[in-house]
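Below is one structure, written out as structure tokens; comments come after it.
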2 protein chains.
Amino acid sequence: MLTIGQVAEYLGVTVRAIRHYHQRGLLPEPERDASGYRRYGADMVVQLVRIRTLSDAGVPLARIEELMGASPAEFAASVAAIDADLKDQMAELRRRRRAIAELSSGDRLFVPDEVVVLLERLAEIGLSAEAMRTERDSWILLAAQHPDQVPGWAEQKRKLFENPAFQRMYLTADEAAAWDRDDPRLEALADEVNAFGGLQSPDEGAEPILALDALVAVTLMAAQTGRPVPAWERLIELCKSRATDVRARPEQPR
Amino acid sequence: MLTIGQVAEYLGVTVRAIRHYHQRGLLPEPERDASGYRRYGADMVVQLVRIRTLSDAGVPLARIEELMGASPAEFAASVAAIDADLKDQMAELRRRRRAIAELSSGDRLFVPDEVVVLLERLAEIGLSAEAMRTERDSWILLAAQHPDQVPGWAEQKRKLFENPAFQRMYLTADEAAAWDRDDPRLEALADEVNAFGGLQSPDEGAEPILALDALVAVTLMAAQTGRPVPAWERLIELCKSRATDVRARPEQPR
DNA sequence: TCGGGCCCTGACGCAGGGTCAAGGTCAAGC
DNA sequence: GCTTGACCTTGACCCTGCGTCAGGGCCCGA
């Protein structure tokens, strides 16, 4: 008759694991000797081998419990179910690896490719680092709620930057973040923004992005990240009063 | 400013998960309103998106914690490590699927193929169900300690059964389990066993299996599974006394 | 003012054990 | 006979990533 430690060493498992199986009711408690030690006969060892064989194959203990007393037919059915489980897990791992691979570049973190392209363009034309971060965060937020539309929107916004006048306007708006709320230059900037306000996307059927929309989104973002920009808030007010005749402006959500 | 429930719905995560991230220190606690409710700004939402993106990709929370403040280089290194982890997990799953597949037949449970073949042969020649179980359990035990040698041993034992006289002897020994300890037929049976005691394996270099060894193993097994067989014990004594001139018998381990 | 739906904290639960902690036993050497 | 070290015992807390109460407070519409 073997002690728990001898059985554990014989099978290459830990003492703790065997006791765990007793606790779970997977393996009946063996008889104790005079000093209370568990004493194992060969039959217990055989049961343990069966448990370990299944466990090593990745069968959860709860299922092993069912299997130990199952008929061959039930056993075969359970084995099929377990295999299907494993297949699902492998599919999940493949999905994760793809997801991980898409994070491989630190630059393209957390946003779709089209946004990455747009952000690179913004960096090219010399947008400030602060504005870059706000821009990226805005897209992250937007992508959380509209993952399907964001690639199209980003593409449309990128196309706007093919126009040098739009570039200049955007950079000026960037600089304007440092202006006072009542800076007189804001009036002229509002006129510039307004000039692009009605710009339509070249793709038919897609919802057009207005320059003002983009500005509003970024400003809202900035306002909510603890860095409110008074000059931008004023700028939006000015734009809105001019934009009413371009199209009816719906309430900005939230 | 959003409540925790609104943020959760916006991102498609549970409230509990967000609170969990706070507890883990993954996400800083936001400010509370007058009634103690958490209030989230867009910056928090952005952080949450980043956490979820990584988490959905299967990155453990502990690692996400490191990653949130990491440089692009550190980030890339960690991503590579995570991917390597995933590869390992996939290999493990493949191994488990193979192991599961080998259990697919209820008959061949927990023993190598060679033993399955042997057991089928034993069933063919009409071994009792009780003896079959003991035989199988003996092999399970043996395989736990000598996984590499068991296929060869099983093959050798199977070859012994090509001899009709060995078959008869084995079946008689099976019946003998029901005999008294002092049954006179045991003497003749011991002579039969002894006749095969020196049988050498046809494979050179492989350790020979003696008929007596097989009998001893099975008897020890039976003795330890709570079904001791007195007639077998006596039979072994008789065999041992005859076998001393066949070869020097080492002490039986344990 | 009442009900239903939010929110809060705290605690337990899961699988499969790992890892102490505090104490009893056993065999060997002195 | 006494000590030492290697076993054994039970019990309890630790890990992951939250789910799921339990017991209370807050808010809003009727």
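Naming: A, B, ... by sequence-line order, numbering from 1 per chain.
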Whole-Å gap separating [atom2] ([N]) and [atom1] ([X]):
X: E65(B); N: dC18(D); atom1: CD; atom2: P; value: 14 Å
X: E9(A); N: dC8(D); atom1: CD; atom2: C1'; value: 15 Å
X: Q6(B); N: dC6(C); atom1: CD; atom2: P; value: 10 Å
X: R63(B); N: dG17(D); atom1: CZ; atom2: P; value: 11 Å
X: D56(B); N: dC18(D); atom1: CG; atom2: P; value: 9 Å
X: E31(A); N: dC8(D); atom1: CD; atom2: C1'; value: 18 Å
X: L27(B); N: dC18(D); atom1: CG; atom2: C1'; value: 15 Å
X: I18(A); N: dG18(C); atom1: CD1; atom2: C1'; value: 15 Å

Interface polar pairs with nucleotides 13-16 of chain C, N/O, under 3.5 angstrom:
from	atom 1	to	atom 2	distance (Å)
dA15(C)	OP2	R24(A)	NH1	3.1
dA15(C)	OP2	R24(A)	NH2	2.7
dG16(C)	OP2	L61(A)	N	2.7

For the side chain of I4(B), counting heavy atoms from C-beta on, which of dC7(D), dC18(D), dC8(C) is nearest? dC8(C)
Ignoring hydrogens and angles, tell me if any N or O in the side chain of [X] forms a donor-acceptor pair with the backbone of [Y] under 3.5 Å.
X: T53(A); Y: V49(A); result: yes
X: E9(B); Y: Q6(B); result: no
X: R50(A); Y: I140(B); result: no

Run the salt-bridge test on [X] and [Y] with the 4.0 Å N-O cut-off and return the result as yes or no.
X: E66(B); Y: R63(B); result: no
X: D182(B); Y: R234(B); result: no
X: K157(B); Y: E114(B); result: no

Contact list (N/O, under 3.5 angstrom) for nucleotides 9-11 of chain C vs protein:
from	atom 1	to	atom 2	distance (Å)
dT9(C)	OP1	R32(B)	NH1	3.3
dT9(C)	OP1	R32(B)	NH2	3.1
dT9(C)	OP2	R38(B)	NH1	3.2
dT9(C)	OP2	R38(B)	NH2	3.0

Given dC7(D), is OP1 or OP2 found less than 4.0 Å from the side-chain N or O atoms of T3(A)? no
Taking only N and O in the side chain of S35(A), is any of them less than 4.0 Å away from OP1 or OP2 of dT9(D)? no
Pairs satisfying salt bridge (Lys or Arg N to Asp or Glu O under 4.0 Å), at least one member in residues 22-39 of chain A, at least two apart: E29(A)-R32(A), E29(A)-R38(A), D33(A)-R39(A)
Would you check if there is a donor-acceptor pair between the side chains of R16(A) and Y21(A) at a distance under 3.5 Å? no
Step by step, would you call L86(B) with I100(A) a side-chain contact (heavy atoms from CB on, under 4.5 Å)? CA-CA 10 Å; L86(B) 288 179; I100(A) 287 278; 4.0 Å; yes
